[in-house]
Amino acid sequence: QVQLTESGGGLVQPGGSLTLSCIASGGTISRYGMGWFRQAPEKEREFVAAVNWEGDNTFYADSVKGRFAVSKDNAENTALLRMNSLKPEDTAIYYCAATRDSIWPRNSEIYNYWGQGTQVTVSS
């Protein structure tokens with residue numbers, strides 16, 4: 001039973017950078033694809049980024065391509081979401097998730113475990 005804990009959220013000015021961490025406990029994530037989702041106030045949860053089991057394939061929502069970078073470190077049992085050139089519309093609660101199926105990483109239904117979320121606020 002893998003438990004995921006996000007950290008690294010906070011307040012950042014537009015154009016700034018922030019890195020979110022997802023630490024897994026209770027099991028290894030080496031055989032899991034890792035996804036990041038976010039949910040803004042009054043909006044549905046949306047896909048942000050994902051990385052496959054091996055960590056060599058990444059996927060991004062169009063809204064974050066070129067600005068965000070997702071990675072995983074199986075040895076440290078962590079996943080990262082590096083966010084650059086942040087915009088006010090990036091403001092949301094960010095969740096990490098783990099899936100044993102990396103074929104359709106944008107589909108939230110395939111993820112088996114979810115973290116509690118961390119707040120990211122982009123404002124001047």
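Here Glu6 contributes atom CD and Gln119 contributes atom CD; the two are 12.0 Å apart, rounded to the nearest 0.5 Å. How far CG of Leu81 is from CG of Leu18: 9.0 Å, rounded to the nearest 0.5 Å. Within the model, atoms CG of Asp73 and CE of Met34 stand 12.0 Å from one another, a figure rounded to the nearest 0.5 Å. Atom OG1 of Thr99 sits about 9.0 Å away from atom CG of Asn107, to the nearest 0.5 Å. Taken from CG in Leu80 to NZ in Lys72, the straight-line distance is 12.0 Å, to the nearest 0.5 Å.
Considering every non-hydrogen atom in both Ala24 and Ile29, the closest pair reads CB-CG2, 3.3 Å. Between Trp53 and Gly33 the shortest heavy-atom distance is CD1-N, 2.9 Å. Across all non-hydrogen atoms, the minimal contact from Glu54 to Asn52 is OE1-ND2, 3.0 Å.
At a threshold of 4.5 Å between side-chain heavy atoms, the hydrophobic network of Ile, Leu, Val, Met, Phe, Trp and Tyr places Val51 and Ile110 in two separate groups. Linking ILVMFWY side-chain heavy atoms closer than 4.5 Å, directly or via other members, places Phe47 and Tyr60 in two distinct hydrophobic clusters.
For the side chain to side chain donor-acceptor pair (under 3.5 Å) test, no residue two or more places apart in sequence or in another chain qualifies with Asn77. For Lys43, there are no salt bridge (Lys or Arg N to Asp or Glu O under 4.0 Å) partners at least two apart in sequence or on another chain. With sequence neighbours left out, the side chain to side chain donor-acceptor pair (under 3.5 Å) criterion links Asn112 to no other residue.
Atom CD of Gln3 is surrounded by 12 or fewer heavy atoms from other residues, nucleotides or ligands within 6.0 Å. The environment of Arg45 atom CZ is dense: over 12 non-hydrogen atoms of other residues, nucleotides or ligands sit within 6.0 angstrom.
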Counting only pairs under 3.5 Å, give me each side-chain donor-acceptor contact of residues 89-96, with atom names and distances, residues two or more places apart or in other chains.
from  : atom 1 : to     : atom 2 : distance (Å)
Asp90 : OD1    : Arg38  : NH1    : 2.9
Asp90 : OD1    : Arg67  : NH2    : 3.0
Asp90 : OD2    : Arg67  : NH1    : 2.8
Asp90 : OD2    : Arg67  : NH2    : 3.4
Asp90 : OD2    : Lys87  : N      : 2.8
Thr91 : OG1    : Pro88  : O      : 2.9
Thr91 : OG1    : Val122 : N      : 2.9
Thr91 : OG1    : Val122 : O      : 3.4
Tyr94 : OH     : Arg38  : NH1    : 2.9
Tyr94 : OH     : Asp90  : O      : 2.6

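Here Leu11 is tied to no hydrophobic group at all, with no ILVMFWY side chain closer than 4.5 Å.
For residues 17-33, the side-chain hydrogen bond (donor to acceptor under 3.5 Å, both in side chains) pairs, not counting sequence neighbours, are Ser17-Asn84, Thr28-Ser30, Tyr32-Arg100.
For the pair Leu20/Met83, a side-chain contact is recorded, criterion being any heavy-atom separation below 4.5 Å from C-beta on. Looking at Phe68 and Trp36, their side chains never come closer than 4.5 Å, going by heavy atoms from C-beta outward. By the 4.5 Å heavy-atom criterion applied to side chains, Thr118 and Ser7 are not counted as neighbours.
Relative ring orientation between Phe37 and Tyr111 is described as perpendicular, the plane-to-plane angle rising above 60° on a 0-90° scale split at 30° and 60°.
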